[in-house]
Amino acid sequence: MDALRLEIEDAITLVMDSLEIPESLWKKVLGPSREVSQGDLTMPCFPFAKILKKAPAVVAEEICSALKENVTIAEINSVNGYLNFKASPEWMASRVLNGDIHIGSALENNARGKRVLIEHTSANPNGPFHVGRARNAILGDTIVRLNRLFGNSVRAEYYVDDMGKQVGVLAWALENLDSQQVEDLLSDREPLNPKWADKADHSIVRWYQAAQALRQNASDSDKEQIEERIGELVHASEHGDDSVLEQFENAYQPVLDGMLMTLGRLGINFDSFTKESRFVVNGDVPRLIEKLSKSDIHGEAENGAYFLDLGQRGMKGKKEFFYRRGDGSSLYATRDVAYHIWKWGECDTLINVLGEDHRLQAKQVAMTLTELGEKVPEVLFYAFIKLPEGKMSTRRGTVVFMDDLLEEAQERAAEVVRNLRPNYEPELVESIAEAVGVSAVRFNIIKVSPEKGFTFRWEDALAFEAGSAPFVMYSHTRACSIKSKVEEFEGFLEEAELPKEMSESMVYLLRKINSFQDSLDYAVRNRQAHIFANYLLELANAYNGFYRDCHVIRDGKVDAFRFKISETARKLLKASMEGLGIIPIERM
RNA sequence: GGGCGUGUAGCAUAGCUGGAUAUUGCAUCGGCCUCCUAAGCCGAAGGUCGCGGGUUCGAAUCCUGCCGCGCCCGCCA
């Protein structure tokens, strides 16, 4: 609890100075307690034992009694060589009453905050999101939201792959195939779900798939012709040919729009889109190649391709990093380096969200940036999502589309609402179900740590019980319900005063309210959204205990103190939910 | 074969800048609605922290060697 630490540090300094224990040492070992029952802050005294040549328990006891004289806001005790500081309920409550709990907003930037650029998703615009690809977007958007909640000024950026082979194939297909040919080529595949027939990411991707099938199975002479034409398009795009880039854009933009529609339903939006071709067209990439070719570790292949020998800088495994093809054109990674240099001009902190398949690539880009004297981005990697029966594969039809998942989530949530609240109007049921469905899907993915493999299970994604988004949402609606009830009382407003005694559940909630900032700081600093998700579950759980034991309205009267606590928790729940992309509705 | 990541109760997961009885949920078992929405609350049971060494007063956490799983090792994106 950083707020507590700040308040008691002076007192500790005084004691420690008199014992001649260096500040750097005790500040390092003073940290959050492991168990709430122990306290909020703990200082293991084992390291001091050596310096003072006394037993740890004795040292802890000495420091403890010296501190007790001038620290009143925390209970201090020493157990087995550990010194525990437990914030007093009165101090925690007074922070709430005084409005010392700062609550920001995840939905807007703080103009005075640090400029953070977060690039996430950046999926090739060639087909609908499946649950696997969406992990990036959900993770990235949550980091965006948490940074805003923290008080930073964030720009969410999507890097659009608008050149190269994949878009080339799509553009070729749209240029050369009609819908009948497409359906013939895909006759052995699952048909297009009629529900998504009007959504371009679902419909146009079939042209791409048909082209891929054709490239596999056509006669040799046809293949040659096709590859030649695609090669022409790709080559032109990589040399910045305007008309081809425009043709490409006409091909992928509707697909991208469809994909963004899906993300929009999840509450995921972007502030800017940057096209890959930009850096080819504006000359950054040629200039970069020129500069890299003068590097000390530059190398050249027989056919004129350029590479950096990263082995000389300690790279293990794959040592050569190719940044120019034999024909003089750039590679994806080269453009990515140029893109990074540009991004650094736009922000103070740079974060990329990437799949684990990009680890090597990211390392190469980072080392190249270092070689150029540029700063390196922070990268958040995530493992792929797989299905219980194995990897997701479009080919084998073993994919779960995000659009289908969201529909299913909405339907199942609606069923639950209809069961639990038979008197709700259909429109209300509909809107609650949408909020619950979307929130549950996001939370299910965000609550586990990203670098761990994730197996998608319908029953988990759509679980509406403890440990889920609806659980948190439910706590919030309870707080909202209290608020609206209290508003019916006119003139209830007495000053909130500290009660003589506080119940355990009250103190537990106060403790969670007071550690909001700690969790947020930690999650933002380490880019670990799941830490904050965990905190939010605890906050909701604490509120539920408070709700049970500490009625705000008793015998037709409002307890002003309890109402103040309830309101602080409500605002905190709301802001935190928004920080994780959970929709804070008022009734459910 | 090489590089990187990961391995915690039946399942899923937290903790991994070393610290006291290893967190939470699901499932299992047992309680709680004349009381602000029970999508809730309380309790019980469940663990060789993949395995073996090492460093340390102290290791799930750091080092090392195995083993399992994943990703990568195009002048693809």
Side-chain angles (χ1 to χ4, degrees), chain A residues 28-29 31 33-35 37-38 42-47 49-50 56 79-82 84 124 126 161 163-168 234 276 301 303-307 315-320 322-327 329-333 335-336 355-361 363 381 383-384 386 391 413 416-417 419-421 436 440 447-449 451-455 457 459-460 463-475 477-486 505 526 530-531 533-534 537-538 540-541 543-545 547-554 558 562-563 566 587-588:
Chain A
K28 202 180 134 200
V29 295
S33 305
R34 261 191 103 137
E35 300 256 341
S37 58
Q38 294 157 352
T42 292
M43 189 152 70
C45 297
F46 301 84
K50 271 188 182 166
V79 189
N80 303 328
Y82 293 89
N84 295 317
N124 287 344
N126 63 0
D161 177 16
M163 54 191 294
K165 201 75 157 243
Q166 294 208 32
V167 203
V234 172
E276 199 180 325
N303 67 348
Y306 293 174
F307 63 87
M315 180 74 137
K316 290 182 201 163
K318 170 94 180 157
K319 296 187 176 73
E320 297 86 22
F322 280 90
Y323 62 92
R324 196 190 91 144
R325 291 201 188 93
D327 71 356
S329 64
S330 63
L331 287 110
Y332 173 79
R335 290 168 235 141
D336 204 21
E356 61 182 344
D357 55 336
H358 280 67
R359 280 197 135 101
L360 172 62
Q361 165 97 36
K363 179 85 183 153
F381 291 106
F384 295 131
K386 55 182 188 297
K391 281 169 73 166
V416 173
V417 182
N419 263 326
L420 260 29
R421 318 274 181 254
V436 167
K447 75 173 177 188
V448 313
S449 94
E451 67 274 16
K452 238 166 190 174
F454 185 100
T455 304
R457 290 187 178 85
E459 59 271 31
D460 291 346
F464 297 152
E465 294 156 302
S468 71
F471 166 79
V472 178
M473 296 168 81
Y474 188 66
S475 299
T477 61
R478 283 174 149 179
C480 288
S481 163
I482 289 177
K483 176 174 179 264
S484 68
K485 280 225 160 54
V486 168
S505 0
N526 299 298
H530 68 285
I531 298 292
N534 211 45
L537 289 174
E538 287 170 8
N541 178 248
Y543 186 81
N544 287 337
Y547 179 87
R548 182 200 56 208
D549 294 337
C550 310
H551 283 216
V552 171
I553 302 162
R554 277 179 301 182
V558 175
R562 291 179 175 185
F563 183 52
S566 178
R587 294 176 72 192
M588 61 187 283

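Below, read A as the first sequence line, B as the second, and so on, with proteins coming before strands; counting in each chain starts at 1.
When heavy atoms are screened at a 4.0 angstrom cut-off, A/S449 is found touching the sugar-phosphate backbone but no base atom. Among the heavy atoms of the strands, none lies under 4.0 Å from A/E538. Looking at heavy-atom distances under 4.0 Å, A/R421 makes contact with a base. A/F464 comes within 4.0 angstrom of a base, heavy atoms only. Using a 4.0 Å heavy-atom distance criterion, A/L360 is classed as a sugar-phosphate-only contact. Counting any heavy atom pair closer than 4.0 Å across all strands shown, A/G453 reaches sugar-phosphate atoms only and no base atom. Within the 4.0 angstrom heavy-atom criterion, base atoms lie near A/Y547. Across all strands shown, A/R562 has no heavy atoms under 4.0 Å from either base or sugar-phosphate atoms. When heavy atoms are screened at a 4.0 angstrom cut-off, A/R554 is found touching no nucleic acid atom at all. Using a 4.0 Å heavy-atom cutoff across all strands shown, A/N80 reaches no nucleic acid atom at all. Residue contacts shown for A/C45 are absent, as no nucleic acid heavy atom lies under 4.0 Å away. Residue A/V29 is classed as having no contact, given no heavy-atom separation below 4.0 Å to the nucleic acid. Within the 4.0 angstrom heavy-atom criterion, no nucleotide atom of any strand lies near A/M315. Using a 4.0 Å heavy-atom criterion, one finds that A/I531 contacts the sugar-phosphate atoms exclusively.
You'll find the side chain of A/Y332 reaches within 4.5 Å of the side chain of A/E276, heavy atoms only. Put simply, the side chain of A/I553 reaches to within 4.5 Å of the side chain of A/V486, judged on heavy atoms. Residues A/V558 and A/V552 are in side-chain contact: their nearest non-hydrogen atoms beyond the backbone lie under 4.5 Å apart. Residues A/I531 and A/N526 have side chains not in contact (no heavy-atom distance under 4.5 Å, counting atoms from C-beta outward).
B/C67 sits 15 Å from B/G52 when the P atoms are compared, rounded to a whole Å. Spacing between B/C29 and B/G15 at atom C1', rounded to whole Å, works out to 28 Å. A gap of 11 Å separates the C1' atoms of B/U6 and B/G50, to the nearest Å. Annotation: B/G30 and B/U21 have their C1' atoms spaced 24 Å apart (nearest Å). For the P atoms, the distance linking B/A77 with B/C16 amounts to 39 Å, nearest Å. A gap of 31 Å separates the C1' atoms of B/U17 and B/C73, to the nearest Å.
When the side chain to side chain contact (heavy atoms under 4.5 Å, CB included) test is applied to A/K319, the partners found at least two apart in sequence or on another chain are A/D309. Applying the side chain to side chain donor-acceptor pair (under 3.5 Å) test to A/D460 and every residue at least two apart in sequence or in another chain returns nothing.
The residue among A/I482 and A/G545 whose nearest nucleotide of RNA chain B is located toward the 5' end is A/I482. The residue among A/S481 and A/H358 whose nearest nucleotide of RNA chain B is located toward the 5' end is A/S481.
In this model, the phosphate group of B/A77 is approached by a side-chain N or O of A/R325 to a distance below 4.0 Å at OP1 or OP2. OP1 or OP2 of B/C71 lies within a sub-4.0 Å distance of a side-chain N or O belonging to A/K391. A sub-4.0 Å separation between OP1 or OP2 of B/U13 and a side-chain N or O of A/K447 is absent. The phosphate of B/C75 has OP1 or OP2 within less than 4.0 Å of a side-chain N or O from A/K318. Distances shown here put a side-chain N or O of A/R478 below 4.0 Å from the OP1 or OP2 atom of B/A38.
The side chain of A/T42 lies closest to B/A20, out of B/A39, B/A20, B/C26. Of the listed nucleotides (B/G5, B/G3, B/G15), B/G15 has the atom at the smallest distance from the side chain of A/H530.
Side-chain atoms of A/N303 and base atoms of B/C75 include a donor and an acceptor less than 3.5 Å apart. The base of B/A20 lies close enough to the side chain of A/N84 for a donor and an acceptor atom to sit less than 3.5 Å apart. The base of B/A77 lies outside donor-acceptor range of the side chain of A/E276, with no N or O pair under 3.5 Å.
Classified by interplanar angle (parallel below 30°, tilted 30° to 60°, perpendicular above 60°), the ring pair A/F322/A/F307 is tilted.
In RNA chain B, runs of at least 3 consecutive Watson-Crick or G-U pairs, each pair with both distances below 3.5 Å, span B:1-7 with B:67-73, B:10-12 with B:24-26, B:28-32 with B:40-44, B:50-54 with B:62-66.
In this structure, the side chain of A/R587 does not engage the main chain of A/C480 through any donor-acceptor pair within 3.5 Å. The closest donor-acceptor contact from the side chain of A/K363 to the backbone of A/M315 lies at 3.5 Å or more, if one exists at all.
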